[in-house]
Amino acid sequence: MKIAVISDIHGNVLALEAVIADLKTEAPDLIVNLGDCVSGPLWPEETAAILRETDWPTVRGNHDRFVLDDPIEKMGPTDAFAAERLSQESLDWLQTTQPTIRLEDDIFLCHGTPDNDDRYLSEKVEGPKGHLPDEDTLLRDLKGETSPIVCCGHTHIPRLIRLQETGQIVLNPGSVGLPSYEDDHPLRHVMETGSPHARYALMTNNGGAWNFQHKMLSYDWDAASQAALENGRPGWARALKHGFYGPLS
């Protein structure tokens with residue numbers, strides 16, 4: 001059994017197309033999507049049009065929820081850009097996404113933590129950048145979820161963590177479409193991968209033992225960066241081109 005795990009496309013259709021091309025080579029048995037599909041100053045409708053044609057189990061990310069539920073006048077520019085450009089068909093598809101998904105008893109899918117799509121699981125923020133959380137923090141944030149494998153997104157940082165106390169695996173595939181960003185929740189910080197590659201992960205069950213692989217793919221990130229710049233988002237443009245957001249000021 002081979003499962004591909006993707007997350008945080010953020011409307012970057014060029015990065016998504018690169019991942020889909022690679023998936024044709026990898027030929028997984030199942031592809032799952034951990035959310036934040038369309039929000040971003042890039043190609044939200046083009047991205048949604050591709051995702052509508054898939055049958056991928058898809059979790060609703062926090063930005064998917066913002067696009068669906070918040071009035072446009074109260075949205076930030078990233079979500080408003082997407083909301084103003086999505087067709088009704090794409091909005092209807094986005095409504096079909098689920099807060100969490102359980103794949104049998106072994107694998108649990110969420111965007112942030114099991115009970116909060118806007119909280120990090122695989123990163124902890126205590127300063128200007130995130131870092132690997134300690135085991136006690138992870139166990140607390142799992143909120144009693146006991147699945148052997150928990151897949152999460154939201155941070156955009158690839159992680160594979162094994163908890164010593166429970167033997168559980170926490171897998172974050174990283175972001176398909178946005179390798180770095182700045183946020184002010186829970187305090188002002190940046191997340192940076194340090195390269196512009198599109199990212200996703202593979203899980204392969206070999207006789208009951210799961211093996212994991214993080215994949216990093218080239219695509220035309222210069223074109224994505226230029227699109228963000230043309231749409232008035234220089235921070236996104238730098239992040240897409242370099243994988244760094246830039247120093248906090």
Side-chain angles (χ1 to χ4, degrees), residues 7-12 15 34-42 44 59-84 110-138 140-143 152-159 161 170 172-199 221 224-225 227-249:
S7 190
D8 295 281
I9 303 164
H10 281 283
N12 190 340
L34 304 182
D36 275 7
C37 300
V38 295
S39 183
L42 298 171
V59 171
R60 181 174 301 173
N62 60 312
H63 284 282
D64 300 323
R65 176 171 55 83
F66 299 156
V67 167
L68 287 170
D69 295 349
D70 291 354
I72 287 182
E73 62 271 16
K74 293 186 178 180
M75 293 180 187
T78 298
D79 301 317
F81 185 95
E84 290 170 344
C110 56
H111 180 72
T113 63
D115 69 336
N116 190 331
D117 63 16
D118 203 12
R119 183 180 175 89
Y120 296 151
L121 180 60
S122 58
E123 298 288 324
K124 189 173 184 178
V125 175
E126 298 174 305
K129 293 190 177 183
H131 63 83
L132 181 69
D134 58 73
E135 182 155 335
D136 287 343
T137 298
L138 278 163
R140 183 188 68 234
D141 289 343
L142 282 172
K143 302 293 184 180
C152 64
H154 192 37
T155 72
H156 299 206
I157 306 297
R159 291 283 193 194
I161 306 165
V170 176
N172 190 319
S175 173
V176 170
L178 183 59
S180 175
Y181 65 91
E182 181 183 49
D183 200 357
D184 58 4
H185 176 73
L187 50 86
R188 195 177 182 206
H189 65 280
V190 296
M191 292 291 186
E192 297 175 318
T193 60
S195 84
H197 295 77
R199 290 168 167 83
W221 49 68
S225 176
L229 196 61
E230 291 173 358
N231 290 324
R233 301 301 297 277
W236 272 68
R238 175 174 169 78
L240 289 162
K241 190 167 186 174
H242 302 292
F244 291 94
Y245 196 88
L248 291 170
S249 59

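For the numbers below, each heavy atom of this structure counts, side chains included, while hydrogens, waters and symmetry mates do not. This structure is a prediction, so every number in the text was calculated from the model and none was measured.
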For a quick test of reading the model, state the closest non-hydrogen atom pair linking Ile9 to Cys37 and the distance between them. CB-O, 3.5 Å
For Glu73, enumerate each residue passing the side chain to side chain donor-acceptor pair (under 3.5 Å) test, keeping only those at least two apart in sequence or located in another chain. none
Test of understanding: with side-chain contact (heavy atoms from CB on, under 4.5 Å), list the residues that count as partners of Ala239, not counting sequence neighbours. Leu178, Ser180, Tyr245
Apply the test side-chain contact (heavy atoms from CB on, under 4.5 Å) to residues Arg159 and Val170: give CA-CA distance (whole Å), side-chain angles for both, the deciding distance (0.1 Å), then the verdict. CA-CA 8 Å; Arg159 291 283 193 194; Val170 176; over 6 Å; no
Considering non-hydrogen atoms only, spot the tightest contact between Arg199 and Pro173 and give its length. CB-O, 3.7 Å
Ring pair (Phe, Tyr, Trp, His ring centres under 6.0 Å) against Trp221, all qualifying residues, sequence neighbours excluded: His197, Tyr219
Apply the test side-chain contact (heavy atoms from CB on, under 4.5 Å) to residues Leu42 and His10: give CA-CA distance (whole Å), side-chain angles for both, the deciding distance (0.1 Å), then the verdict. CA-CA 8 Å; Leu42 298 171; His10 281 283; 6.0 Å; no
With sequence neighbours left out, what residues match His131 under side chain to side chain donor-acceptor pair (under 3.5 Å)? Glu126
Rounded distance (nearest 0.5 Å) linking atom CG of Asn172 with atom CG of Leu34: 7.5 Å
Contacts of Pro186 meeting side-chain contact (heavy atoms from CB on, under 4.5 Å) (sequence neighbours excluded), chain-then-number -> Val125, His189
Excluding sequence neighbours, so at least two apart, what forms salt bridge (charged side-chain N to carboxylate O under 4.0 Å, His left out) with Asp136? none
Side chain proximity check, Arg60 to Leu68, heavy atoms < 4.5 angstrom: yes
For Asp36, is there any backbone N or O sitting under 3.5 Å from a side-chain donor or acceptor partner on Asp64? yes
Could you tell me which residues satisfy side chain to side chain donor-acceptor pair (under 3.5 Å) with His63, sequence neighbours excluded, listed by chain and number? Asp79
According to ring pair (Phe, Tyr, Trp, His ring centres under 6.0 Å), who are the partners of Phe81, at least two apart in sequence or on a separate chain? none
Among residues at least two apart in sequence or on other chains, which ones pass side-chain contact (heavy atoms from CB on, under 4.5 Å) with Asp69? Arg65
Side chain to side chain donor-acceptor pair (under 3.5 Å) partners for Asp115, two or more places apart: Thr113
Quick check: do Leu229 and Pro234 have side-chain heavy atoms less than 4.5 Å from each other? yes
Can you give me the closest heavy-atom contact between Ser225 and Ala237, atom names plus distance? OG-O, 2.7 Å
Suppose we screen for salt bridge (charged side-chain N to carboxylate O under 4.0 Å, His left out). Which residues come up paired with Arg119, at least two apart in sequence or across chains? Asp141
State, yes or no, whether a side-chain contact exists between Glu182 and Arg188 at a heavy-atom distance under 4.5 Å. yes
Could you report the tightest heavy-atom contact between Ser39 and Ala82, atom names first, then the distance? CA-CB, 3.9 Å
Hey, does Thr78 have a side-chain heavy atom less than 4.5 Å from the side chain of Trp236? yes
Looking only at heavy atoms, which two atoms of Tyr120 and Met191 are closest? And how far apart? CE1-CE, 3.4 Å
Scanning both residues in full, the closest heavy-atom pair of Ser122 with Pro133 reads O-CD, 3.3 Å
Nearest 0.5 angstrom please: Lys124 NZ to Thr137 OG1, how far? 3.5 Å
Backbone of Gly174 reached by a side-chain donor or acceptor of Asp8 within 3.5 Å: no
Any heavy-atom pair between the side chains of Asn62 and His154 that's under 4.5 Å? yes
Set of residues satisfying side-chain contact (heavy atoms from CB on, under 4.5 Å) with respect to Pro114, sequence neighbours excluded: Phe108, Cys110, Leu142, Glu145
